[in-house]
Structure formats: C-alpha cells, structure tokens
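Written below as structure tokens is the structure these notes are about.
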Amino acid sequence: MIKKGLLYSLLSAVLLSTMNLFVKMLGSSIPSGEIAFFRGLFGTVAVLVVMYMKGIRFSTEDRGLLIMRGLYGGFGMVCNFIALVHMKMSDATILFQTSGIFVFIFSALFLKEAVPKGAGKWLILIFLAVMVMVNPFSYESFTWYAVIALLGAALSAAAYTTIRSISKHGEHSNFEIMAYFLVTGMIAGLVTTDGFVLPQGVEWLIILAIGSITVVAQFFLTGAFIATNAVVAQFLQYIGVFISAFYGFLFFSESLAIETVLAGIAMFIASVMLARLKEQAGPIKDGKVIEDKIQ
C-alpha cells in the first residue's frame, strides 16, 4: 500500500509538471481562466465516460466534503495557472509546492495525523532544498502573481487534506472525487476569465493533452493521498519542482543552476526516505475510498 502510494505520488508529479509546461505554452495567447475551463471540460467528459464504462455511480454520502474538495482544488488550479503564465516555471512551481507546509498544518489540525517518527530530518532537508532553489535573498519574482501562487498552494492543500478526510468517512470512487474537482475547476475557469479566445490549430491538441494528462495525474494524486500519510504524499510532490525547473530551462531558456540540480536530487532522496519511514510505521487504517484500476 505504501509502495503504491510512493509510485502514485511520483507519477503524478511528473505528469503535473508536464501539464504545467503545456499551460505555460498556451498562456501567451489564451487566458489562464480559459485554459482551466477547457481542462475541466475535457477532463470531466473523460471521467464521466470512464465512470459509465465501469458502472460507477455518484454516491449520496459526504457531498459537502466532495463539493469542498472540488471548490478548493478548482480555484487552486486557476491560481496555479495564472502564476505559471506570468512567472518563471521554476518560481511558480516552488511557490505552489509550499502547499506541503499548509498540508502539514491542515492534517494536524483537522485529521489529527502524526508525522512518521524520524521524518523530521528529511522534512528539514526538503525545506532546505526548496530554500536553495528559491534563494530568498535575491528572489525577484515576488509580485502579486507570487501571492496568487501562494493562495493556490493553500487551496490545494485544503483539497488534498479533504481527500484524506473523505477516505475516512465514506466509500467513494477515485473517479467520483475527480469528477467533483473537474466540474468545479471548469466553473472556476469561467468565473475568473475576462475574455474568451478561440484556440487555433495545434492549440486544440495541447488543450486536449492537458485534459488527458489531468485525468491520469489526478487519479495518481488522489491514490497517493489515499495510500499514504497526507504530509508524506504532499512532500513527495516536490519532485515536480525540479522537473518544472528543467522544463523551464529547456523550453523557455529559464536559468537552471547547479544548485537547482543538487536540490532536486536532495528532494528525491528525502522523499524516498519519508516513504520508507511511513512503510515501517505500518499501514493506514480506516481508509474507505474505493481504489479504481486503470485498465
């Protein structure tokens, strides 16, 4: 169970970083809110088709929590998109990944989850690695877009924590949870966009890719938070910081210093060690979310 949580979390980090790359590519010609709308639209259609094929029905339990998870995740996604378009990929991703700090707070306050014994040094290593990448003493991107990225981080942390709460209270399919998120993400995109630009040519293919990646990545991310401790699952997402920094360097000529590379390696090592500690602590109990298999 814990090993599966590790794999799910790493796969979701890779996929979400790739999705962020496509969002950055589209951002120069299409508003961020519109990108979020199309992501939600294509993702919703895909999830509903899968639910129909698998015979999965919407449950009547925990609708309030499911709606809350959707609202938190939907508006958090829009905030992330806005930051990605207007900031360097590495800076936006680093700020968005501070959601790990918010998850730490929320899971302790609302879920009463304890951090695995001996995890402190690895969490500190991840924090220090992020500080190396941020370099706060010469940080140049702290604008209102940075504040929006931090708001997105807090909203996403609330969504992640709600997933764990849902898993302890009711029997829900991963796809049902994703459907709520995608529908509210579509609504959030409409609410926050100030103009509609019709995509052209290859832009439609990129939008389709974003929607497709969303479904698979959210499946893995939801599974990660079901299979392992919320704090561990979130900190594993820091691998995405390194991937996004590499994408920014490769496609947008954004700087990628040796310190960034070393920090990324440190994050990976610390993330693996956190997962091992949680595995040694024993399985998580009382989780009731249904795990769906991708055929």
For the CD1 atom of Ile82 and the CD1 atom of Ile148, what is their distance to the nearest 0.5 Å? 5.0 Å
Rounding to 0.5 Å, atoms CG (Leu84) and OG (Ser32) come to a distance of 8.5 Å
What is the minimum heavy-atom distance between Ala149 and Phe96, and which atoms define it? O-CD1, 3.9 Å
Could you go through the side-chain contact (heavy atoms from CB on, under 4.5 Å) check for Met53 and Val49 one step at a time? CA-CA 6 Å; Met53 294 176 63; Val49 169; 3.9 Å; yes
For Phe252, side-chain contact (heavy atoms from CB on, under 4.5 Å) partners two or more places apart: Leu21, Lys24, Met25, Met89, Glu254
Give a yes or no answer on whether the side chain of Thr193 reaches the backbone of Gly33 with a donor-acceptor pair at less than 3.5 Å. no
Using a distance-only test with no angle check, is there a side-chain donor-acceptor pair under 3.5 angstrom linking Thr18 and Tyr247? yes
Would you kindly confirm whether Leu182 and Ile207 end up in one hydrophobic cluster when ILVMFWY residues are joined by side chain heavy atoms under 4.5 Å apart? yes
One should read off an interatomic distance between Ser90 OG and Phe246 CZ, to the nearest 0.5 angstrom, of 13.0 Å
In terms of hydrophobic clusters joined by side-chain contacts under 4.5 Å, are Val45 and Ile206 together? no
Measure from the side-chain N and O atoms of Thr93 to the backbone N and O of Ser244, and report whether any donor-acceptor pair falls under 3.5 Å. no
Filter on side chain to side chain donor-acceptor pair (under 3.5 Å), then keep only pairs touching residues 199-208, sequence neighbours left out; what's left? Ser29-Glu203
If I take atom OG1 from residue Thr184 and atom CE from residue Met77, how far apart are they, to the nearest 0.5 angstrom? 7.5 Å
If you look at every heavy atom in Pro199 and Phe38, which pair is closest and at what distance? CG-CE1, 4.0 Å
What heavy-atom pair brings Gly189 and Ala36 nearest, and what distance separates the two atoms? CA-CB, 4.0 Å
Which heavy atom of Ala159 sits nearest to which heavy atom of Gly73, and what is that distance? CB-N, 3.7 Å
Sorted by chain and residue number, the side-chain contact (heavy atoms from CB on, under 4.5 Å) partners of Phe37 (sequence neighbours excluded) come out as Leu41, Met186, Leu190
Nearest 0.5 angstrom please: Leu205 CG to Ser212 OG, how far? 10.5 Å
Are Phe81 and Ile187 joined in one hydrophobic group, where the rule is that I, L, V, M, F, W and Y side chains link up if heavy atoms are under 4.5 Å apart? no
Do any N or O atoms from the side chain of Glu34 and from the backbone of Val197 form a donor-acceptor pair under 3.5 angstrom? yes
Leu26 reachable from Phe251 in the ILVMFWY side-chain graph, under 4.5 Å edges: yes
For Phe58, side-chain contact (heavy atoms from CB on, under 4.5 Å) partners two or more places apart: Leu48, Met51, Glu176, Ala179, Tyr180
Who pairs with Tyr72 by side-chain hydrogen bond (donor to acceptor under 3.5 Å, both in side chains), at least two apart in sequence or on another chain? none
Could you pull out the closest heavy-atom pair between Asn20 and Asn80, with the gap in Å? OD1-ND2, 3.7 Å
Heavy-atom nearest pair, Cys79 first then Gly152, reads CB-CA, 3.5 Å
The reported gap from CD1 in Ile243 to CG in Leu10 (rounded to nearest 0.5 angstrom) is 8.5 Å
Test side-chain contact (heavy atoms from CB on, under 4.5 Å) applied to Leu15 - qualifying residues, sequence neighbours left out: Ile213, Val216, Ala217, Phe220
If two hydrophobic side chains count as joined below 4.5 Å and joins carry through other members, does Leu198 share a cluster with Phe42? yes
